[in-house]
Asks: 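I am attaching a structure below and will ask some questions about it afterwards.
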Amino acid sequence: MSEVAGLLVQKITPLCQLQDLGRAGYQRFGVSRSGAMDPYSLRLANILAGNPQGEGCLEFALAGAVFEVTAKRLHFAFVGHFPLLINDEPFPANASYTLAGGERIEIVATDGARGTHGYLAVLGGFAAERQLGSLSTHLRSGIGTGLVGAASAATSLPAGAAFRRDPRIGRTLPVRRAEAPVTAERQLPDSFRRRPADTIRAVPGPQTDQFSDAERARFFDTNWRIDSHSDRMGYRLAGATIAAENAGSMISEPVSPGSVQIPAGGQPIVLMPDCGTVGGYPKIATVISVDRGRLGQLKTGTLFRFSPTDVESAQRFSRGEAAILDKLSSQFSNA
């Protein structure tokens, strides 16, 4: 067994990354926010594990992984529509469990029909260094801890350790608690689970006046699908082309996750957590914060539509989601 307390990697893919709620406050310096594709599910995993809601988690995108516990006792939670095996036996996901050293966790790959991203949290968090205030991985810039790959003799993951090959098998992702306290195992109530979405709410974008009434109507009336040329930086959409008056000729300005850009070709691009900080395409809409995670859970080819809403409603939805999460956290804390 590894001398480092944590999760010994037996199988993994580059789609497994350490993420939290993102790197806030540095966009003005050209640093991407990054963070979880589905912040709601990450928060749920942390609540089940007994952590603050924004603690760093392992994010899985369709593919799974296999780990061996090297801590004396480890309490973990997994949230997502992925099969979960413990010591080769199936267990319900969306729950927390306590394991001893030598036991195995397997996150089995999913087809993404009910959701493409899952989150694994450990009580006390992973022993990784924050970089610019966050544990989030941004592979394009080499910021963050990157994929699992702490050397077997290391005590924590070094900042900026993005892995360009696959040396992770046999290495350990360290945790902060070598022996987690005895903790009640928890099951996520059905009412809190992420449901597949066929409607994504959006507010008008800053350049909405550059689109005719007909083009704005087309945007909200179209059944869109996520194109295969999509990633953590942006989701390209197929289904119609949207014409803007100044597409391709606008002066670059700040952008953020959720912005729906319309490039010269007319194929919308929804900016996702790893997006850049400026862009020169007109933005017809912005996906509201509580629906960005719902969009992030949709698989390539899934059909959905945008639904118009306003800023006041978006803020109300955000407060409502925060209240739901706080209620769950309080419920478990008082159990």
Asks: To the nearest 0.5 Å, what is the distance between CD on Gln27 and SG on Cys275?
Replies: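 The distance works out to 8.0 Å.
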
Asks: Can you tell if the side chain of Leu7 reaches within under 4.5 Å of the side chain of Phe126, non-hydrogen atoms only?
Replies: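 Contact flag for Leu7/Phe126 side chains = yes.
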
Asks: Which atom pair, heavy atoms only, marks the closest approach of Gln187 to Leu48?
Replies: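 Looking at all heavy atoms of both residues, the closest pair is C-CD2, 4.3 Å.
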
Asks: So Arg43 and Glu321, do their side chains get closer than 4.5 Å, heavy atoms only?
Replies: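 Of all side-chain heavy-atom pairs linking Arg43 with Glu321, none is under 4.5 Å.
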
Asks: Here's a test for you: under side chain to side chain donor-acceptor pair (under 3.5 Å), which of Ser32, Ser34, Ser141 qualifies with Asp274?
Replies: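 Option passing the side chain to side chain donor-acceptor pair (under 3.5 Å) with Asp274: Ser34.
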
Asks: Is the shortest side-chain heavy-atom distance between Tyr40 and Leu325 below 4.5 Å?
Replies: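 SC-SC contact between Tyr40 and Leu325 confirmed.
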
Asks: Does any N or O in the side chain of Thr172 come within less than 3.5 Å of the main-chain N or O of Pro174, such that one atom is a donor and the other an acceptor?
Replies: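 Between the backbone of Pro174 and the side chain of Thr172 there is no qualifying donor-acceptor contact (under 3.5 Å).
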
Asks: Taking all non-hydrogen atoms of both residues, which atom of Gly35 and which atom of Ser136 are closest, and how far apart?
Replies: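 Taking Gly35 first and Ser136 second, the nearest heavy atoms are CA-OG, 3.3 Å.
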
Asks: Please output the side-chain donor-acceptor pairs of residues 261-273 that fall under 3.5 Å, not counting sequence neighbours, one pair per line with the distance.
Replies:
| from | atom 1 | to | atom 2 | distance (Å) |
| --- | --- | --- | --- | --- |
| Gln267 | NE2 | Leu237 | O | 3.1 |

Asks: Could you check if a side-chain atom of Asp326 sits within less than 4.5 angstrom of a side-chain atom of Gln53, using non-hydrogen atoms only?
Replies: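 Side chain of Asp326 against side chain of Gln53, heavy atoms only: contact under 4.5 Å found.
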
Asks: Supply the atom-to-atom distance Thr277 OG1 to Glu253 CD, rounded to the nearest 0.5 angstrom.
Replies: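 If I round to the nearest 0.5 Å, the distance is 12.0 Å.
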
Asks: If you take the centroid of each ring, where Trp contributes its six-membered ring, are Phe91 and Tyr97 closer together than 6.0 Å?
Replies: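 Yes, the ring of Tyr97 comes within the 6.0 Å limit of the ring of Phe91, centre to centre.
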
Asks: So, do Val9 and Phe67 sit near enough that their side-chain heavy atoms are less than 4.5 Å apart?
Replies: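 In short, these two side chains touch, coming nearer than 4.5 Å.
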
Asks: With side chains defined as the heavy atoms from C-beta onward, is the minimum distance between Leu123 and Asn51 less than 4.5 Å?
Replies: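 Touching, per the 4.5 Å side-chain cut-off.
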
Asks: Among Val260, Leu295, Ile288, which residue meets the side chain to side chain contact (heavy atoms under 4.5 Å, CB included) test with Ile200?
Replies: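 Checked Val260, Leu295, Ile288 against Ile200; only one passes side chain to side chain contact (heavy atoms under 4.5 Å, CB included): Leu295.
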
Asks: Could you measure the distance from the CZ atom of Arg114 to the CZ atom of Arg195? Nearest 0.5 Å is fine.
Replies: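 Here the interatomic distance stands at 7.5 Å.
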
Asks: Can a donor-acceptor pair be found, under 3.5 Å and without considering hydrogens, that links the side chain of Asn94 to the backbone of Gly80?
Replies: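 Confirmed, Asn94 side chain pairs with Gly80 backbone.
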
Asks: Side chains of Arg201 and Arg294: closer than 4.5 Å at any heavy-atom pair?
Replies: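 Yes; the side chains approach each other to less than 4.5 Å.
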
Asks: Do Glu59 and Arg232 sit within salt-bridge range, that is, some charged N less than 4.0 Å from a carboxylate O?
Replies: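 Answer for the salt bridge query: yes.
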
Asks: Is the shortest side-chain heavy-atom distance between Arg305 and Asp198 below 4.5 Å?
Replies: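 No, side chains not in contact.
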
Asks: Between Gln297 and Asp38, is there a side-chain donor-acceptor contact under 3.5 Å, judged purely by atom types and distance?
Replies: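 Short answer, yes.
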
